[in-house]
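To keep things clear, I will list the structure first and then write my remarks on it.
All values reported here derive from a predicted model rather than from experimental measurement.
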Amino acid sequence: EQYGYLGSKMDDEIMMEGRDFEVIGGQFYSYRSWDVFGQILNDNAFSQTQNLSVSGGSVKVRYNLSYRYNAKEGVYKVNTETMDRHNLNVNVSADLNDWATLNLRTMYSKKIYEEPFNYRTGSLGYLFYALRWPSNFPYGLSDGSYFGAPAGSSFIGPIGFLREANRDRNDRDYSKQTIEAVFDVLDRQTHKIDFTANFSYAYVSDVYHEKGGTIPMINWWSQGNPPVFDPLYYAGTSSRDRTSYSTTNNKLYSANAFANYTNTSLGGHTFNFLVGTNVEKNAYLNAVSYTHLTLPTRSCQCRSRGSRGH
């Protein structure tokens, strides 16, 4: 009667004392069997893409504008990864006269990626970490009647860490502007020479905010001691109770010039000769700052302790 649900499928995530676990002699015993990956993963992930394009102009001037938005979610059931990307392209081409054309191009892209902080240090993610755990460990939620834990509290474990984790965020901005001139130096029936020169400026900015910190957990992990609710689990653990900012900026200047000669007078054959040059300059800056946290909530209040750059 007491363990009547053992071995059957239960849709709720609530851990009931006496049915799903017991504390005997101060020791925690978990009975309920879980579909671990079913608790972590969805069968499907949301994704959407929106496109907008406008073009037009006259005989002398032409333009094209396009915008694309893409949004994706990961496959975690809770606290999943999200990615939002915006792309904007603008192109304008103008015929200055019969032998010269001016092209202006600009591009801007912004990507925002968020994911739960990895409380498993190193490269071990939540899915890999879950492989270490038996299926009868406490993956559910508290009903609020034991260990001083509020209803909905998680037990220590891969799913509990995933539920409670703060979210890391990466913002990446990329822009590029190009001005280009094309000259038809020679335009005959079988002989053509054109010359192209362009200059581009590109800027990339990456800002990564990693947000660890303390999390509220039911600590049942201490051998021989009864479980207790710890609202500041991981407090003082430097590898997890921390936050970090990483900022990377990259500037690229490039200039290109090339001439192309085409000859189609050689008995059905086409002869092409291309010569050109490329000059680039790259400026790179990286700066990182770290802050130690001891916060009781999931809001991250950052206090810089130092930075470095090169």
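Atom NZ of residue Lys211 and atom CG of residue Asp168 lie 7.5 Å apart, to the nearest 0.5 angstrom. Here the CZ-OG distance, from Arg163 to Ser154, works out to 4.0 Å after rounding to the nearest 0.5 Å. To the nearest 0.5 Å, atom CZ of residue Arg85 and atom OG1 of residue Thr49 are 10.5 Å apart. In this structure, CD1 in Ile215 is found 8.5 Å from CG in Asn166, a value given to the nearest 0.5 Å. Ser239 OG to Tyr234 OH: the interatomic distance, rounded to the nearest 0.5 Å, is 7.5 Å. Distance CD/Glu164 to OG/Ser153: 7.0 Å, rounded to 0.5 Å.
In this structure, the side chains of Pro227 and Asn219 stay at 4.5 Å or more apart for every pair of heavy atoms. Here the side chains of Ile24 and Glu22 are in contact, with some heavy-atom distance below 4.5 Å. Between Phe46 and Lys72, the closest side-chain pair of non-hydrogen atoms is not below 4.5 Å. Side-chain contact between Tyr63 and Asn91 is absent, with no heavy-atom pair separated by less than 4.5 Å. Looking at heavy atoms from C-beta onward, Tyr208 lies out of side-chain contact with Tyr245 at the 4.5 angstrom threshold. A 4.5 Å side-chain heavy-atom check between Tyr284 and Leu252 finds every atom pair outside the cut-off. Two residues are said to be in side-chain contact when any heavy atoms from C-beta on lie closer than 4.5 Å; Gln50 and Leu52 fail this criterion. Side-chain contact between Asn170 and Val207: absent, with no pair of heavy atoms (C-beta onward) separated by less than 4.5 Å.
The residues Asp206 and Arg172 are annotated as salt-bridged, a charged nitrogen and a carboxylate oxygen being separated by less than 4.0 angstrom. At a threshold of 4.0 Å, the pair Asp194-Lys192 does not count as salt-bridged, since none of the basic side-chain nitrogens sits closer than that to a carboxylate oxygen. Salt bridge absent: Asp171 and Lys111 never bring a charged side-chain N and a carboxylate O closer than 4.0 Å.
Under the 4.5 Å side-chain heavy-atom criterion for Ile, Leu, Val, Met, Phe, Trp and Tyr, Tyr113 and Val75 are members of distinct hydrophobic clusters.
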Inset, instruction - Evaluate the side chain to side chain donor-acceptor pair (under 3.5 Å) criterion for residues Ser265 and Thr190: first the C-alpha distance (whole Å), next the side-chain angles of each, then the deciding distance (0.1 Å), finally the verdict. - result: CA-CA 5 Å; Ser265 66; Thr190 58; 4.5 Å; no
Inset, instruction - Mind running side chain to side chain donor-acceptor pair (under 3.5 Å) on Glu210 and Ser244 for me, showing each step along the way? - result: CA-CA 5 Å; Glu210 185 181 48; Ser244 68; 3.2 Å; yes
Legend entry - side chain to side chain contact (heavy atoms under 4.5 Å, CB included) evaluation trace for Met217 with Phe161: CA-CA 8 Å; Met217 302 290 284; Phe161 292 133; 3.8 Å; yes
Inset, instruction - Assess whether side chain to side chain contact (heavy atoms under 4.5 Å, CB included) is satisfied between Glu180 and Leu102, documenting all intermediate values. - result: CA-CA 6 Å; Glu180 180 180 73; Leu102 181 67; over 6 Å; no
Inset, instruction - Assess whether side chain to side chain contact (heavy atoms under 4.5 Å, CB included) is satisfied between Phe258 and Val275, documenting all intermediate values. - result: CA-CA 5 Å; Phe258 56 92; Val275 61; over 6 Å; no
Inset, instruction - May I have the step-by-step check of salt bridge (charged side-chain N to carboxylate O under 4.0 Å, His left out) for Lys110 and Asp173, ending in yes or no? - result: CA-CA 5 Å; Lys110 183 175 183 65; Asp173 293 87; 3.2 Å; yes
Inset, instruction - Test Trp220 against Ile156 for side chain to side chain contact (heavy atoms under 4.5 Å, CB included), laying out the working first. - result: CA-CA 7 Å; Trp220 60 278; Ile156 287 178; 3.8 Å; yes
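Between the side chains of Asn79 and Arg167, a donor-acceptor pair is found at a separation under 3.5 Å. Ser93 and Asn103 share a side-chain donor-acceptor pair at under 3.5 Å. Of the N and O atoms on the side chains of Tyr108 and Asn89, not one donor lies less than 3.5 Å from an acceptor on the other residue. Donor-acceptor pairing under 3.5 Å is recorded for the side chains of Ser200 and Thr178. With no hydrogens or angles considered, a side-chain donor-acceptor pair links Asn256 and Asn278 at under 3.5 Å. For the residue pair Asn51 / Arg68, a side-chain donor-acceptor distance below 3.5 Å is found, with atom types taken as modelled. Between Ser109 and Asn87, the side chains place a donor N or O and an acceptor N or O closer than 3.5 Å (distance only, hydrogens not considered). There is a side-chain donor-acceptor pair under 3.5 Å between Asn263 and Tyr261. In the model, Thr262 has a side-chain atom that pairs as donor or acceptor with a side-chain atom of Asn272 under 3.5 Å.
Listed for the Asn97 side chain is a donor-acceptor partner under 3.5 Å among the backbone atoms of Ala100. Between the side chain of Ser30 and the backbone N or O of Asn136, at least one donor-acceptor pair lies under 3.5 Å.
Between Asp84 and Ala71, the shortest heavy-atom contact is OD1-CB, 3.6 Å. Closest non-hydrogen pair, Ser142 versus Gly144, comes out as OG-N, 2.9 Å. Between Leu162 and Pro116, the shortest heavy-atom distance links the atoms CD1-CG, 3.6 Å. Pro226 approaches Val23 most closely through the heavy-atom pair CB-CG1, 4.5 Å. Residues Ala130 and Val36 approach most closely at CB-CG1, 3.9 Å, considering heavy atoms. Between Glu13 and Trp34, the shortest heavy-atom contact is O-CH2, 3.9 Å.
For Tyr233 and Trp221, the ring centers sit 6.0 Å or farther from each other. Checked against the 6.0 Å centroid criterion, the rings of Phe21 and Phe28 qualify as a close aromatic pair. Ring to ring, Phe147 and Phe229 are not that close: their centroids are 6.0 angstrom or more apart. For Tyr119 and Phe117, the gap between ring centers is short of 6.0 Å.
Applying the 6.0 Å contact sphere to CD of Gln189 captures no more than 12 heavy atoms from other residues, nucleotides or ligands. The environment of Lys60 atom NZ is dense: over 12 non-hydrogen atoms of other residues, nucleotides or ligands sit within 6.0 angstrom. When the shell of 6.0 Å around CG of Asp98 is examined, it contains 12 or fewer heavy atoms from other residues, nucleotides or ligands.
In this structure, Tyr201 and Tyr203 have parallel ring planes: the angle between them is below the 30° cut-off, well short of the 60° mark. Aromatic ring pairs are classed by plane angle as parallel below 30°, tilted from 30° to 60° and perpendicular above 60°; the pair Tyr126 and Tyr76 is perpendicular.
When each of Glu114, Glu81, Glu115 is checked for a salt bridge (Lys or Arg N to Asp or Glu O under 4.0 Å) with Arg169, only Glu114 meets the rule. None of Asp35, Asp20, Ile159 except one satisfies the side-chain contact (heavy atoms from CB on, under 4.5 Å) rule with Tyr139; the exception is Ile159.
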